[in-house]
There are 2 protein chains.
Amino acid sequence: MSSRKRARVKLAEVAEAAGVSKMTASRVLNNGKGFSEETRDRVMAEVHRLGYMHDRMAVAFSSHSSSTFVGVSIPDLGNEVFAQVLEGIERRLNSSGYQAVLCVSQYDTASVDSWIERVLQWRPAGLIVTGRNHSEQGRKLLRQADVPVVELWDLNTSPLDLSVGINHYDSGYAMGRFMVERGHRTMAYIGTHHDTAHSAKSRFQGWQSAIQDGGGTVEDTYVLKDTPGFYGGYYATEQMLSRTADLDAIYYQNDNMAAGGLMFAQSRGLSVPGDLGIAGWGDLPISAILPQRLTTMHVAHLKLGQKAADSILAAIKGKPVEEVTSIDFRFVPGETI
Amino acid sequence: MSSRKRARVKLAEVAEAAGVSKMTASRVLNNGKGFSEETRDRVMAEVHRLGYMHDRMAVAFSSHSSSTFVGVSIPDLGNEVFAQVLEGIERRLNSSGYQAVLCVSQYDTASVDSWIERVLQWRPAGLIVTGRNHSEQGRKLLRQADVPVVELWDLNTSPLDLSVGINHYDSGYAMGRFMVERGHRTMAYIGTHHDTAHSAKSRFQGWQSAIQDGGGTVEDTYVLKDTPGFYGGYYATEQMLSRTADLDAIYYQNDNMAAGGLMFAQSRGLSVPGDLGIAGWGDLPISAILPQRLTTMHVAHLKLGQKAADSILAAIKGKPVEEVTSIDFRFVPGETI
DNA sequence: TTGAAAGCGTTACCAA
DNA sequence: TTGGTAACGCTTTCAA
């Protein structure tokens, strides 16, 4: 109420107050060399006294440099997995002085494209995009922008620029083989349409191959059009068991769906894995409180995000970077298969 | 590999190619008025042909305008509730052409402060900060920056600028009263230290008042130093039941913790609510698959985020805004109290 | 160690 | 409907 909108203090005022030129003040602020200690102290004193705030917009403009923004696109924050990945990214970026500019795409390619276009206009230092299903338009924009890009989540052996991800196919195959080894033969899969095209599908394909290689069959698949969550798993299990008889086991897109399946089984008095085997993916927090330890695949989601941030930061700073970074997964035996 | 880093096409080149002045080209790009349709077509043709990209940095600089960035600070993405809030914010901002610049603070005030300082240097259009426990430093920065600020989550009746939140105290009181009405007397609370100081504490205080007003007592509280999740609820319930006898019911910080408690009770063969009543908060997805419907409080988290975005957008555009926006909660009776 | 002048790409402002 | 010129706040570059 009391203060009228004061014009922002500018460097020239600081310089004048300190009795030096703009350039000297600028050098002090940028921790450069070329000024006496006494000069530095005088300038900094004025900076604090006047409450000077560096105008990074002007800096970026004048010096033709990038911003400290890194665009990060994620499909869905309702999916715990991506929330974790994002947190990993943000922490690492933040501690290096960069800021994440977020896009929650809802798996909509067009909206990612328009976000990419808009964010590129702000001279971002880099971009991290989840998934590799870019449209031609998006791909073109990313290529012509002279900006480091990390494709996250799916391992992409010939990335646009950099890739940090998981070999989803292999993780699916490993689970499928285990399920067969435990004696299951008649199988089904429950998942969702989303999950950025490749990844869940790759897991499914790897898993399917393992089942077939082991002499089992995939009798049914149920694909929801929703985020892969608890209720989806519960509901789809109910549907599936009512339409397909004699299933040995179900492989779920992730642990939250599998938890839904397990709770459904419990509600019907089915014994797991005797009557029905259940396998998840992700080793998510829910598995800690279920009546049985879930058979799943551990993935370090936070670490995945951090690695992505590491890659983009290295590229930004012109340091050498691995083009492709593969994040491990680890089998968690559990009690449900 | 093939293309050497071409200098970015600038407006002057477009203008020249189209045979008009920079100003005319600028007007066309900004959808202003003051040019013939033919001129527009010629300019746009060159824009596409040359692949011109608007340099928003230069725009913001020259026109003294803000960026399209809105700083958003959130304490923790491992907490589903905040992930939902953030998604609500981001969707709304994005569809209005603004971008969220993220800070995941881990409840660390100092890190929020330094983020605020850095993000303000980029002339953000506005800021949305979760919680109202700003440090003096942060408060000062926010005040002197001439930028709209929304304080989110806790309802703050005398906000720095704008507030969008929930009356946590009342929601706690409502639950406490219900628990007493259902005959519970000897109560306990399980929560975490975090949750941005006020909110969970306010719920606890409201709840406690209701218990006391109803003639009950709060026998025990268990406060974890962790994000409020499934396992925390499970573990704390185990600890609490082993140290405090004859509890009628436990009020949890949120549904995920309550789900942990419920699963623990189930694992020990306790009947709910007969042996132990359980109440949660938030109406989170987990409640859909539990063996019993959870007694909880529904909060529209996504909507809360959207309202916050609406407030900041209105303020940015200079439209009239309610200083304080209260988001409703709704009691969900359930079967666990 | 310091400073003066030019320039970054765009829009505001005024003139035609 | 157009265009010229100044201005935005800082850094680069060159000179002292």
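In what follows, chains carry the letters A, B, and so on, assigned in the order in which the sequence lines appear, proteins first and then strands, with residues in each chain numbered from 1.
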Full working for salt bridge (Lys or Arg N to Asp or Glu O under 4.0 Å) between Arg8(A) and Asp146(B): CA-CA 9 Å; Arg8(A) 191 159 161 163; Asp146(B) 191 44; over 6 Å; no
Of the candidate nucleotides dG4(D), dC10(D), dT13(D), which contains the atom at the shortest distance from the side chain of Arg27(A)? dT13(D)
Taking five pairs at each terminus, the helix from dT1(C)-dA16(D) to dA16(C)-dT1(D) shows an axis bend, to 10°, of 30°
Once you round it to whole Å, what is the distance between P of dG4(D) and CD of Glu16(B)? 12 Å
Atom pair distance, as rounded to whole Å: NZ in Lys10(A) and P in dC10(D): 8 Å
Considering all heavy atoms of both residues, which atom of Ser96(B) and which atom of Leu313(B) are nearest to each other, and what is their separation? OG-CD1, 3.4 Å
Looking at the side chain of Arg123(B), which of dG9(D), dT12(D), dC10(D) is the nearest nucleotide? dG9(D)
As a test of reading the structure: which of dT2(D), dG9(D), dT11(D) is closest to the side chain of Phe35(B), going by heavy atoms? dT2(D)
Ser36(B) and Thr39(B): CA distance, side-chain angles, deciding distance, side-chain hydrogen bond (donor to acceptor under 3.5 Å, both in side chains) verdict: CA-CA 5 Å; Ser36(B) 67; Thr39(B) 304; 2.6 Å; yes
Residues pairing under side chain to side chain donor-acceptor pair (under 3.5 Å) where one sits in residues 66-76 of chain A, two or more places apart or in two chains, turn out to be Thr68(A)-Gln99(A), Thr68(A)-Trp122(B), Asp76(A)-Thr227(A)
Distance check needed: dT1(D) C1' versus Asp41(B) CG, whole Å only. 15 Å
Can you see if the side chain of Ser63(A) gets near the phosphate of dC10(D) - specifically, an N or O under 4.0 Å from OP1 or OP2? no
Given atom CG of Leu29(A) and atom P of dG9(D), what is their separation to the nearest angstrom? 16 Å
Is the shortest side-chain N/O distance from His64(A) to OP1 or OP2 of dC10(D) below 4.0 Å? no
Measure from CG on Asp55(A) to C1' on dC10(D) and round the result to the nearest Å. 8 Å
Side chains of Thr24(A) and Ser21(A): any donor to acceptor distance under 3.5 Å? yes
note: Leu11(A), atom CG; dT11(D), atom C1'; distance rounded to Å ~ 10 Å
Select base, sugar-phosphate, or nothing to describe what Thr39(A) touches, counting heavy atoms under 4.0 Å on all strands. sugar-phosphate
Look at the side chain of Glu151(A) and the backbone N and O of Leu160(A), then say whether any donor-acceptor pair between them is shorter than 3.5 Å. yes
For Thr24(B) and for Ser62(B), locate the closest nucleotide of DNA chain D by heavy-atom distance; then report the residue assigned to the nucleotide nearer the 5' terminus. Thr24(B)
Under 4.0 Å from any heavy atom of chain B: name the first and the last nucleotide of DNA chain C that qualifies, 5' to 3'. dG9(C) to dC13(C)
Does Arg56(B) reach the main-chain N or O of Gln121(A) with its side chain, forming a donor-acceptor pair under 3.5 Å? no
Distance in angstrom units between Met23(A) CE and dT12(D) P, rounded: 7 Å
Taking atom types as modelled and ignoring hydrogens, do the side chains of Glu87(A) and Gln306(A) form a donor-acceptor contact shorter than 3.5 angstrom? no
Can Leu93(B) and Ile312(B) be said to form a side-chain contact (heavy atoms from CB on, under 4.5 Å), step by step? CA-CA 9 Å; Leu93(B) 289 181; Ile312(B) 204 82; 4.0 Å; yes
